[in-house]
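Scroll down for the structure; my scribbles are underneath it.
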Amino acid sequence: MHIKTLAAAVVAGAVFGFVPAPGLQAETLRILNGAAVSTLRVPMNRAVVVETDTPFAELSIANPGIADISTLSDRSIYVLGKTPGRTTLTILGPEGNLQSNVEVQVTPDIAEFRERLRQILPNEQIEVRTANDGIVLSGTVSTKARLDAALQLAQRYAPERISNLMSVGGTQQVMLKVRFAEMQRGIGKNLGSSISLQAGSSGSVATGSFAEPGGSGGNLIPFSEGRSGGAVGFRIGGGRLTANVLIEALETQGMARTLAEPNLTALSGQSASFLAGGEYPIPVPRESGIGIEYRTFGVELEFTPRVLDDNVINLTLEAAVSSLDQANAVSVSGTTVDAFRRRATQTTVELRDGESFAIAGLLEDDFQASSTAVPWISELPILGALFRSANYQRRQTELVIIISAHLVSPTRGEALMLPTDRVRPPTERDLFLSGRLSAPGSGALGEVARQDFGGSYGYVFD
């Protein structure tokens, strides 16, 4: 840019009303003969005026992509910063002699960057400095999300040249409480009748259990060794004609309850895992023979928490409940290997401190009913019921997973209690006179140990 062009730009700015921002002053660097020249620091997209003690005749810039120069007079130089970096400004006198080499360092415009930080993150104590051609951020921010926001904004001013010395303050540890509740209910009803008729040694006719392989019409209750309760039999007649009647009525009810409440604490942004169960050996054929691999089963939990603004907790969670399933076992090289029954969920949720989510509710309802009958005879009124057998089975399984998240901080060791603190070793008097194997501890935990958990517990099925 020449002097005339620059003068025209100044005049145009005056015509269109461009005025300098209040409080901004032109930065200058004065070069004196025989004096050392310090590094000229120019903010990006801003200008600095260089003044020389004697007139100069020629100027050159080593890298025009970093800084641009133009002459204001024979003793004034206009330096404009374009891209962060370092270059050299060479000033030659009227006789071609070297007057000075000025090192020009173009730095990011941290003044504008500081202003944007105050607007976007007004309550954060972030310090901004320049280092070489990059930006150094230091201080303490309240959350990890705000730290990421400051780094993203800094990328707009110094891409790939950011040094992060910031730290996250406040409570950034998350304790996750997960409750696994599984209920299995089953009910079965079986009603059947069997009849056998014997005519001396001429032969016999039998239905139901009497007609099964190994059954005998002469036995009142066949297979008595392997048969459960609920069977009633009686014999009619005698001599050459005998009738045996067997009525089987059986109703079964079963219930199983599984409950696990693992608690796990992790730092924000870090993963944590939990396993309450075991490892099951599985034989695996290999070239050198049979190898063993172990597979975990039980209650498994893995989660990654991230604390966002306003103490909102973002959770990425994987939870599973697995158990051995002997009903679907397989045989590998002559070895029986049990199958696994697994219920798992994977999700991402957001919640606040102390809030809870039911992230999974799985219900399985199996129903089976079967009926066997003797053709035609079973359709007779009243007597036909003796020639029919009915079987009814129903199984229900329900699994619910509830999570609760809490922001926690460390505490003193004496404030924590262990399960073993509830009881203490018995004295000789407690052991020999009272027969107590343990004695309740003191305090609130001792009151829990004194409670009687005996009695009738259970569920009623309609």
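Throughout, residue positions are numbered sequentially from 1 according to the sequence presented.
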Can you give the donor-acceptor pairs under 3.5 Å from side chains of residues 118-126 to other protein atoms, not counting sequence neighbours?
| from | atom 1 | to | atom 2 | distance (Å) |
| --- | --- | --- | --- | --- |
| E124 | OE1 | S142 | N | 3.0 |
| E124 | OE2 | S142 | OG | 2.8 |
| E124 | OE2 | R146 | NH1 | 2.9 |

Candidate pair R46 and D109, rule salt bridge (Lys or Arg N to Asp or Glu O under 4.0 Å), full reasoning: CA-CA 8 Å; R46 293 184 180 270; D109 188 3; 3.2 Å; yes
With a 4.5 Å limit on heavy-atom distance, are the side chains of I66 and V104 in contact? no
Begin from the C-alpha positions of T71 and F56 and carry the test side chain to side chain contact (heavy atoms under 4.5 Å, CB included) through to its verdict. CA-CA 10 Å; T71 57; F56 58 84; 3.8 Å; yes
Rounded to the nearest 0.5 Å, how far apart are CD1 of I77 and CG of L89? 5.0 Å
Sequence-distant partners of R129, salt bridge (Lys or Arg N to Asp or Glu O under 4.0 Å), two or more places apart: E127
Residue pairs meeting side chain to side chain donor-acceptor pair (under 3.5 Å), one or both in residues 80-92, sequence neighbours left out, come to R86-E103, R86-Q105, R86-N132, T90-N101
Is it true that a side-chain atom of R295 and a backbone atom of E279 form a donor plus acceptor pair closer than 3.5 Å? no
Under the side chain to side chain donor-acceptor pair (under 3.5 Å) test, which residues partner T347, sequence neighbours left out? none
Rounded to the nearest 0.5 Å, what separates atom CD in Q155 from atom CD1 in I135? 9.0 Å
Quick one: ring pair (Phe, Tyr, Trp, His ring centres under 6.0 Å) pairs with a partner in residues 272-302, sequence neighbours left out? Y280-F340
Measure the CD1-CZ distance between I401 and F180 for me, rounded to the nearest 0.5 Å. 5.0 Å
Does any part of the side chain of L317, heavy atoms only, come nearer than 4.5 Å to the side chain of L176, both counted from C-beta? yes
Any pair counted as side chain to side chain donor-acceptor pair (under 3.5 Å), so long as it reaches residues 259-277, sequence neighbours left out: S271-T304
Please find the pair of heavy atoms, one from E300 and one from S322, that lie closest to each other, and give the distance. OE2-OG, 3.7 Å
Contact between V49 and V79 at the side-chain level, heavy atoms closer than 4.5 Å - yes or no? no
Return the minimal non-hydrogen interatomic distance between A150 and L137, and the atom names on each side. O-CD1, 4.1 Å
CG on L165 to OG1 on T140, rounded to 0.5 Å: 11.5 Å
The test is side chain to side chain contact (heavy atoms under 4.5 Å, CB included); show your working for V178 and V299 and say whether it passes. CA-CA 10 Å; V178 183; V299 178; over 6 Å; no
Which residues share a side chain to side chain donor-acceptor pair (under 3.5 Å) with T345, sequence neighbours left out: none
Testing the basics here: between P43 and V106, what is the closest heavy-atom pair and its distance to 0.1 Å? C-CG1, 4.5 Å
Does D365 form a salt bridge (Lys or Arg N to Asp or Glu O under 4.0 Å) with R395? I'd like the steps, not just the answer. CA-CA 6 Å; D365 193 348; R395 292 183 297 272; over 6 Å; no
Checking S163 now: which residues fulfil side chain to side chain donor-acceptor pair (under 3.5 Å) with it, not counting sequence neighbours? none
With a cut-off of 6.0 Å (strictly less than), are more than 12 heavy atoms of other residues, nucleotides or ligands near CZ of R156? no
V136 side chain near T130 side chain, heavy-atom distance below 4.5 Å: no
What pairs of residues pass the ring pair (Phe, Tyr, Trp, His ring centres under 6.0 Å) test when at least one of them lies in residues 112-168, not counting sequence neighbours? F113-Y157
Taking C-beta and beyond as the side chain, do I91 and T52 meet within less than 4.5 Å on heavy atoms? yes
How would you list, by chain and number, every residue that makes a salt bridge (Lys or Arg N to Asp or Glu O under 4.0 Å) with R341, sequence neighbours excluded? E182, E364
Closest heavy-atom contact between G188 and Q393? CA-OE1, 3.7 Å
Run the side chain to side chain donor-acceptor pair (under 3.5 Å) test against E350 and tell me which residues pass, sequence neighbours left out. N314
Quick one: does E355's side chain have a donor or acceptor within less than 3.5 Å of a partner on R352's backbone? yes
Between CG on residue D338 and CG on residue N328, distance to nearest 0.5 Å: 10.0 Å
For Y392, check ring-ring contact (aromatic ring centres under 6.0 Å, His included) against everything at least two apart and list the hits. F367
Is there side-chain contact between L40 and V50, with heavy atoms separated by less than 4.5 Å? yes
Can you name the closest pair of heavy atoms from A67 and I61 and give their distance? O-CG1, 3.9 Å
Looking only at heavy atoms, the pair that brings S323 and R343 closest together is OG-NH1, 3.9 Å
Rounded distance (nearest 0.5 Å) linking atom OG of S70 with atom CG of L80: 8.0 Å
